[in-house]
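Shown next, in structure tokens, is the structure this report addresses.
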Amino acid sequence: MTQMTFARAINSGLRKSLENDAKVILMGEDIGALGGVFRVTDGLQKDFGKHRVVDTPLAESGILGTAVGLAYRGYRPVVEIQFDGFIYPAFDQIVSQVAKMHYRTQGAVKMPITIRVPFGGGIGSPEHHSESPEAYFTHTSGLRVISVSNPQDAHTMIQQAIASDDPVLYFEPKRRYHDKGEVDEALDLGAALSMEKARVVTEGTDVTLVAYGPLVKTAKDAALAAADEGISIEVIDLRSLAPLDLATLAASVRKTGRLVITHEASQTGGIGAEVAAGMTERCFFHLEAAPVRVTGFDVPYPYSKLEMHHLPGLDRILDGVDRALGRPNSLSGLEG
Amino acid sequence: MFTDDAGKGGISAGGPGNSAESNRRSGGDLVQLITPGGERVSHPEFDPWVQDVTDEQLGSLYEDMVVIRRIDTEATALQRQGELALWPPLLGQEASQIGSARALRDDDFVFPSYRDNGVAYCRGVNPEDIVKAWRGNALAGWDPYTVNVATQQIIIGAQTLHATGYAMGIQNDGADSVAVAYFGDGATSEGDVNEALVFAASFQSPVVFFCQNNHWAISEPVRLQSHIQIADRAAGFGIPSMRVDGNDVLAVMAATRIATDRARHGGGPTFIEAVTYRMGPHTTADDPTKYRDANELEDWAAKDPIARLKSLLDRKGLLTDERGAAVAAKADAVAKALRAGTINMPDPRPMDIFQNVYSTPNSTLDRQQDHYSRYLASFGDPAEAASEEGAR
């Protein structure tokens with residue numbers, strides 16, 4: 001086990017994938033000599049060469065579209081989208097090409113492309129640098145969407161994503177890049193938890209609190225704070241946003257009877273809606289209260305002086321827990 | 001590949017003459033080797049690239065063009081009779097597609113658009129497999145790796161990036177094959193085509209951009225897409241270009257050979273504008289009389305690519321009655337097989353809808369598949385229920 005930052009853990013995972021499979025190619029803007037704007041690919045071009053770690057022209061559709069051609073040729077491209085808000089120019093290539101090529105060709109052509117997306121807010125950035133576009137991609141069949149919340153998962157799941165024959169969007173919470181944690185770099189991928197599985201982070205009995213990516217840490221903090229008031233929260237890290245591991249969630253909801261979901265992305269059509277619907281379908285008679293969502297507002301990501309109001313923090317999450325428990329909360333007395 | 005200095009100075013040493021440099025001229029010169037009247041005219045730079053084409057091969061190019069026109073008209077008829085949902089005719093573009101496709105090697109990889117059915121035919125795709133997608137029996141009718149042709153792209157211009165990425169892979173593999181992107185004049189307005197040109201130039205990738213300027217993007221004329229000649233755009237990306245008569249099968253073949261030869265020898269990408277004309281509608285769903293002048297069609301009919309080659313063959317005394325009859329018989333046979341294959345094409349099975357969405361199991365989809373399977377089974381005999389469901 002080694003202590004390392006989140007960013008370093010991804011770097012180490014990328015390195016292992018480059019070492020293990022000559023068909024793995026990293027592509028993106030500034031990922032070579034600079035090592036990426038977050039230094040996640042630091043040192044990789046120096047060690048693996050310009051053939052394997054490719055600085056591309058500044059064109060997101062071009063990066064994804066050429067990755068499609070490389071995958072056609074048998075390569076496993078790992079592309080970096082520099083910031084969440086820059087993924088939109090590549091949207092067509094991702095949803096119309098990457099996602100559908102295997103289906104279109106009846107399985108003849110595989111698209112083992114990993115799309116790394118630093119996402120989410122909380123770092124005081126300008127516009128287009130703090131978005132949470134994950135739900136757009138969970139709506140598209142043919143894609144797998146995962147998000148990592150800690151260095152060990154970041155290290156393991158990047159390798160699982162690259163090894164997957166399906167295209168994977170890998171969302172990295174950029175405000176956690178500098179968080180440190182224990183990483184077992186020797187962990188066998190086969191022995192590690194599948195990237196499709198959710199993980200129970202903290203066991204509890206009163207409320208199931210579901211989070212992913214940057215908010216897993218916040219959710220853990222909320223569970224600790226709630227414990228002081230005698231409330232036992234079970235925190236679940238979704239890890240996979242598409243497909244959702246509904247079995248793990250349902251087991252928890254059947255135990256606690258109450259569900260709170262939190263994410264930074266806007267509420268409408270978000271992952272929280274899908275989790276709430278899925279649990280209502282499966283656990284209706286176990287639920288003691290309606291599922292509660294604590295999310296970003298349905299606004300464009302605001303300027304950074306206001307982002308702390310947009311992002312669900314510990315207190316907003318606890319207010320949501322109070323709603324699920326029927327305790328006094330910010331909406332007490334209101335109907336509908 | 002992918003290095004900053006890749007491909008510099010990589011002009012072909014293998015081909016006749018040193019045409020690569022001289023091809024960097026203005027795209028305004030329309031290269032022609034056969035006049036609309038069927039006269040073979042000489043061109044010092046292009047002639048050497050087709051001097052090996054024998055009389056027999058010339059006849060074979062004629063046969064290809066007649067056959068694909070027949071496939072095209074048969075498919076159009078099948079659409080009119082309700083056997084295909086839609087069809088994009090290539091009428092008028094036979095020389096562009098045959099001349100370019102016949103210039104390729106088997107190990108070259110083609111990324112076509114939905115209209116490049118003649119190219120697919122040349123690569124060995126069964127005509128039935130070509131119409132399968134238009135009948136609604138599949139999204140794509142063939143395995144790309146068996147014929148080295150990607151599935152036909154419907155998103156305009158997206159495939160130019162795929163070809164460029166594939167070409168980057170060729171470079172990385174140290175191979176000497178070439179990726180070819182087929183697209184139309186309208187596609188040159190798309191961002192993807194421009195990004196593909198940037199990537200191809202930056203990495204000097206072995207890719208040929210083959211633009212069939214057929215003058216119309218559905219109802220929009222080429223002048224709405226480009227204020228200058230399309231071939232001239234390539235210079236802005238640092239890519240050499242050629243502008244050839246797209247209704248002249250020899251000129252197209254020569255240009256494609258020049259471009260692929262350059263790519264094989266490290267000379268990087270080339271842009272070819274084949275100036276041709278779409279004589280029919282964009283697809284069977286539109287009506288060209290609403291947006292274009294009948295005189296225009298008449299002018300282009302006089303430049304018909306098949307009539308032109310026939311005229312040349314006649315001049316040379318190569319198109320005997322016997323040969324003409326053999327070509328017609330082949331076209332008839334191909335059309336007959338296409339018709340029978342289309343009408344008798346088995347319907348896909350309902351549960352196929354769930355196949356190949358992912359390479360590996362997906363719990364959400366598995367659950368939906370299981371539910372739908374149970375639903376179908378609730379009608380009694382699962383196979384019977386499935387076929388009823390499929391017919392709705």
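In what follows, chains carry the letters A, B, and so on, assigned in the order in which the sequence lines appear, proteins first and then strands, with residues in each chain numbered from 1.
- If you take OH on B:Y166 and OG1 on A:T66, they are separated by 15.0 Å, rounding to the nearest 0.5 Å.
- By number of non-hydrogen pairs under 4.5 angstrom with chain B, the leading residue of A:A108, A:G107, A:A247, A:S61 is A:S61.
- Proximity to chain B among residues 157-164 of chain A is not found for any residue, judged by heavy-atom separations below 4.5 angstrom.
- At a cut-off of 3.5 Å, with distance as the only test, a side-chain donor of B:N117 or B:Q152 sits close to an acceptor on the other residue.
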Open item on the list: Walk me through whether A:F86 and A:F83 qualify under ring-ring contact (aromatic ring centres under 6.0 Å, His included).
Closed with: CA-CA 5 Å; A:F86 306 167; A:F83 281 93; 5.6 Å; yes
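- The contact between B:Q153 and chain A is made entirely by side chain atoms (from C-beta outward), counting heavy-atom distances below 4.5 Å.
- For A:Q93, the part lying under 4.5 angstrom from a heavy atom of chain B is the side chain only.
- If you check the side chains of B:T270 and B:R262, you find a donor sitting under 3.5 Å from an acceptor.
- Judged purely by distance below 3.5 Å, without hydrogens or angles, the side chains of A:S252 and A:T208 pair a donor atom with an acceptor atom.
- Contact tally against chain A (heavy-atom pairs below 4.5 Å) for B:D143, B:N362, B:T364: the top residue is B:N362.
- Within the 4.5 angstrom heavy-atom criterion, atoms from both the backbone and the side chain of B:A158 approach chain A.
- Looking only at heavy-atom pairs under 4.5 Å with chain A, the residue among B:V198, B:D352, B:I155, B:N194 that has the most is B:I155.
- Both the backbone and the side chain of A:T56 come within less than 4.5 Å of a heavy atom of chain B.
- Between A:Y72 and B:F109, the ring planes are perpendicular. Angles over 60° get that label, and only those under 30° would be called parallel.
- For B:I353, the parts lying near chain A are the backbone and the side chain together; criterion is any non-hydrogen pair under 4.5 Å.
- Centroid-to-centroid, the aromatic rings of A:Y88 and A:F91 stay 6.0 Å apart or farther.
- No side-chain heavy atom of A:I87 sits under 4.5 Å from any side-chain heavy atom of A:E60.
- Environment of CD in A:Q45: crowded, with over 12 heavy atoms of neighbouring residues, nucleotides or ligands closer than 6.0 Å.
- Between A:F137 and A:F171, the angle of the ring planes lies from 30° to 60°, which puts this pair in the tilted group.
- Between chain A and the residues B:I154, B:T146, B:D192, the most heavy-atom pairs under 4.5 angstrom are made by B:D192.
- Both the backbone and the side chain of B:Y358 come within contact range of chain A, each with at least one heavy atom under 4.5 Å from a heavy atom of that chain.
- By number of non-hydrogen pairs under 4.5 angstrom with chain B, the leading residue of A:M27, A:Q97, A:K110 is A:Q97.
- Dense packing is recorded around NZ of A:K255, with more than 12 heavy atoms of other residues, nucleotides or ligands lying under 6.0 Å away.
- Heavy-atom distances place no part of A:D245 under 4.5 Å from chain B, backbone and side chain included.
- If you measure heavy-atom distances from B:A201 to chain A, you find no contacts under 4.5 Å at all.
- Open room surrounds CG on B:D106; 12 or fewer heavy atoms of other groups in view lie less than 6.0 Å from it.
- If you tally non-hydrogen atom pairs under 4.5 Å between each of A:D166, A:L64, A:L244, A:V109 and chain B, the highest count goes to A:D166.
- Interface remark: of the candidates B:A196, B:A138, B:A150, B:A150 forms the most heavy-atom pairs closer than 4.5 Å to chain A.
- The closest side-chain donor-acceptor pair between B:H282 and B:R115 falls under 3.5 angstrom.
- Side-chain contact annotation: A:S17 with A:N20, donor-acceptor N/O pair under 3.5 Å absent.
- Residue A:A67: no heavy atom, backbone or side chain, is found under 4.5 Å from chain B.
- Heavy atoms closer than 4.5 Å to chain B are found in the side chain of A:K23, but not in its backbone.
- Residue A:M111 does not touch chain B at all, counting heavy-atom pairs closer than 4.5 Å.
- Put simply, CG on A:D153 and OH on A:Y212 are 15.5 Å apart, with the number rounded to the nearest 0.5 Å.
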